[in-house]
Amino acid sequence: MRSLALVPVLATMLPSLGTATPSPTVAQPPTKRGSLPVVSVSGNAFWQNDKRFYIRGVDYQPGGSSAMADPLADTTICSRDIDQFRKLGINTIRVYIIDNSAKHDECMGKLADAGIYVIVDANNPLYSINRYDPAPSYNAKYLQSVFATIDEFAKYENTLAFFSGNEVVNDVVNSTLAARYVKAVTRDMRRYIGERGYRRVPVGYSAADVGSNRRQQADWMNCGSEDERSDFFAFNDYSWCNSDFRTAGWDQKVKNFSDYGLPIFLSEYGCLTNGRDFGEVAALMSDKMTSVYSGGLMYEYAMGDNGYGIAKIPSVKGSSVQKLDGFEKFASALAANPPPEGDGGFVSTTHANACPTKDANWLIDTTLLPAIPEQAKMLMMEGAGSGPGLGGDGSQNAVDAGTSSGDAEQGSGTVTSSSTPKGSENAAPATSTPANARAVVKIPLVLTGMVVVLTLGGSFLL
């Protein structure tokens, strides 16, 4: 999210108190309304049952980060906008800020009725990793909030995925050190989903498109043991500025990620330079890209101060929506470029990549991840309890919040529980293998004697 670039820095100024002592999680009954087929990961693609699924959606945060509001916790807001989503013809939205103390049954049900899936950011400005001082911010209080968000959304069949972070690593080289902590959060989220017996909702990271470390970020999130690796990788790409496939450098990105080993999609796209006709949609749905990419999310639906929106909402909680020029253009681009038939040339197996080695643009010199804080371990078995919501004290400067005591051994994120599924009567037990579970091919984890640094054209630096 373009307006969240300074969130980790600003959040360090927020006051905070001691470690949370959550009450045990109460299992939620299955949601009966608005059932959609569960989307899962197999090979380097997403699947809706046995049909290839392409993300064709928008980033959704009316009011922007400054509003600190969850649009899916207010039925008036979501109902107003779902009517517009239907007109656009989208199948997915991404929501950046979630109130994990609120209920979401009504809005998630309405979205499911409209055939729309949701990708949920597990962080918010109060509870997130500080890119420039990550160790203290990776604490039990933070993880309790992250896990509470999982508790709230894992029960919905139209929860497509969780993001473990957004643009934590940027073009400042010191921020690359925070990647260890983002990957630890990804590990912890995947384990929590398994230990609590939830459906295996995919977990991945939304990266900034920084040419100097783009490939390192991608390889880092897909190296190491199975429990440490992401289920997918996404990045925010603003290089297509009303241009074309080659001018934007997308041909090289497809080539460089052709053997990446996990699903890839664009978590944000839509450069403003030279206007926007959304030619990206045609490219994403073409055979030039479908063997590697699984679609993307256009930034963004609601107009904000940064000028990216395609709909003007005079009042966040009001009923009126004014369609801007980009609305019809985006709807037309989607209508003219439907999802392709068949499997899109996907790769049926996945594999781990070699971990990137330290260089001038990547400062991590180990393959080990921080161990989960001791105070957070009990949450795996007992549940996160009530979420702190958006009115909590925050976690980055929390006193005695319980931080990591050192590095973890590979395999520390392996699920040990045989919990029964919670939240969805169609959920697969954590100990079972879903029909579309990813197949894994092992390759060496560390590339020695060689550093791969890919600087690709057309990147949009934050």
Side-chain angles (χ1 to χ4, degrees), residues 20 22-42 46-49 98 100-101 103-105 108-109 112 117-120 122 140 142-164 184-204 225-232 372-387 408 411-440:
S23 56
T25 300
V26 177
Q28 297 294 315
T31 177
K32 300 290 186 182
R33 175 178 173 199
S35 180
L36 276 177
V38 166
V39 171
S40 58
V41 169
S42 179
F46 293 94
W47 297 85
Q48 190 185 57
N49 293 328
I98 289 295
N100 54 25
S101 68
K103 299 299 182 184
H104 298 84
D105 291 354
M108 290 298 287
Y117 293 86
V118 180
I119 300 177
V120 176
Y142 161 66
L143 289 174
Q144 190 266 333
S145 177
V146 169
F147 295 162
T149 298
I150 292 174
D151 287 338
E152 176 60 17
F153 280 88
K155 62 178 179 280
Y156 301 116
E157 277 83 359
N158 58 326
T159 297
L160 194 157
F162 292 109
F163 279 132
S164 58
V185 175
T186 306
R187 173 202 63 199
D188 299 340
M189 290 174 67
R190 295 178 73 237
R191 182 186 170 195
Y192 185 80
I193 289 169
E195 299 289 8
R196 302 305 296 159
Y198 295 136
R199 169 174 67 88
R200 186 176 172 179
V201 182
V203 179
S225 55
E226 166 66 15
D227 61 296
E228 295 176 345
R229 296 166 54 220
S230 294
D231 294 309
F232 63 85
I372 186 171
E374 285 295 324
Q375 293 92 324
K377 287 183 177 179
M378 68 175 184
L379 303 178
M380 292 289 178
M381 299 302 128
E382 298 179 7
S386 300
S412 66
T414 302
V415 175
T416 60
S417 172
S418 57
S419 299
T420 55
K422 300 176 181 65
S424 168
E425 61 187 2
N426 296 322
T431 53
S432 71
T433 301
N436 282 332
R438 68 188 187 193
V440 180

Verify side chain to side chain contact (heavy atoms under 4.5 Å, CB included) between I150 and Y198, making sure each step is shown before the conclusion.
-> CA-CA 9 Å; I150 292 174; Y198 295 136; 4.0 Å; yes

Test side chain to side chain contact (heavy atoms under 4.5 Å, CB included) applied to V185 and Y142, step by step = CA-CA 10 Å; V185 175; Y142 161 66; 3.6 Å; yes

Would you check, one step at a time, whether the test side chain to side chain contact (heavy atoms under 4.5 Å, CB included) holds for T159 with M108?
-> CA-CA 8 Å; T159 297; M108 290 298 287; 3.6 Å; yes

Evaluation steps, side chain to side chain contact (heavy atoms under 4.5 Å, CB included), between V201 and F153 = CA-CA 9 Å; V201 182; F153 280 88; over 6 Å; no

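The line from CZ of F162 to OG1 of T186 is 12.5 Å long, rounded to the nearest 0.5 Å. Remark: T149 OG1 to I98 CD1 distance equals 7.5 Å, nearest 0.5 Å. Taking NZ from K377 and CD from Q375, the interatomic distance works out to 10.0 Å, rounded to the nearest 0.5 Å. Distance check: D151 CG to I193 CD1 gives 10.0 Å after rounding to the nearest 0.5 Å. In this structure, CD1 in I119 is found 5.0 Å from CG in L160, a value given to the nearest 0.5 Å.
Using a distance-only test at 3.5 Å, with no hydrogens or angles considered, no donor-acceptor pair links the side chain of N158 to the main chain of V118. Judged by distance alone, the side chain of Y156 and the main-chain N or O of D105 form a donor-acceptor pair under 3.5 Å. Here the side chain of E152 pairs a donor or acceptor atom with the backbone of H104 at under 3.5 angstrom. Y192 contributes no side-chain N or O that, together with a main-chain N or O of V146, makes up a donor-acceptor pair within less than 3.5 Å. A donor-acceptor contact shorter than 3.5 Å is absent between the side chain of D231 and the backbone of G204. A donor-acceptor pair is defined here as one N or O able to donate and one able to accept, closer than 3.5 Å; such a pair exists between the side chain of R196 and the backbone of M381. A donor-acceptor pair under 3.5 Å is absent between the side-chain atoms of E157 and the main chain of V38, judged by distance alone. When atom types are taken as modelled, the side chain of R190 and the backbone of S230 share no donor-acceptor pair closer than 3.5 angstrom. Under a 3.5 Å cut-off, the side chain of N100 and the backbone N or O of S145 do form a donor-acceptor pair.
For the pair V203 and F232, the tightest heavy-atom approach, listed with the atom from each and the gap, is C-CE2, 3.5 Å. Between P202 and V39 the shortest heavy-atom distance is CD-O, 4.5 Å. G411 and S225 make their closest contact through N-OG, 3.5 Å (heavy atoms, listed as atom of the first residue, atom of the second, distance). The shortest heavy-atom contact between M189 and A122 is CE-CB, 3.7 Å. Summarising the geometry of A376 relative to A140, their closest heavy-atom pair is N-CB, 3.9 Å, with the distance given to 0.1 Å. Residues A148 and A384 come closest through the heavy atom pair N-CB, 3.5 Å.
Side-chain contact between P37 and W47 is absent, with no heavy-atom pair separated by less than 4.5 Å. Residues E195 and F147 are not in side-chain contact: their nearest non-hydrogen atoms beyond the backbone lie 4.5 Å or more apart. Residues R187 and S412 meet the side-chain proximity criterion, which asks for heavy atoms closer than 4.5 Å.
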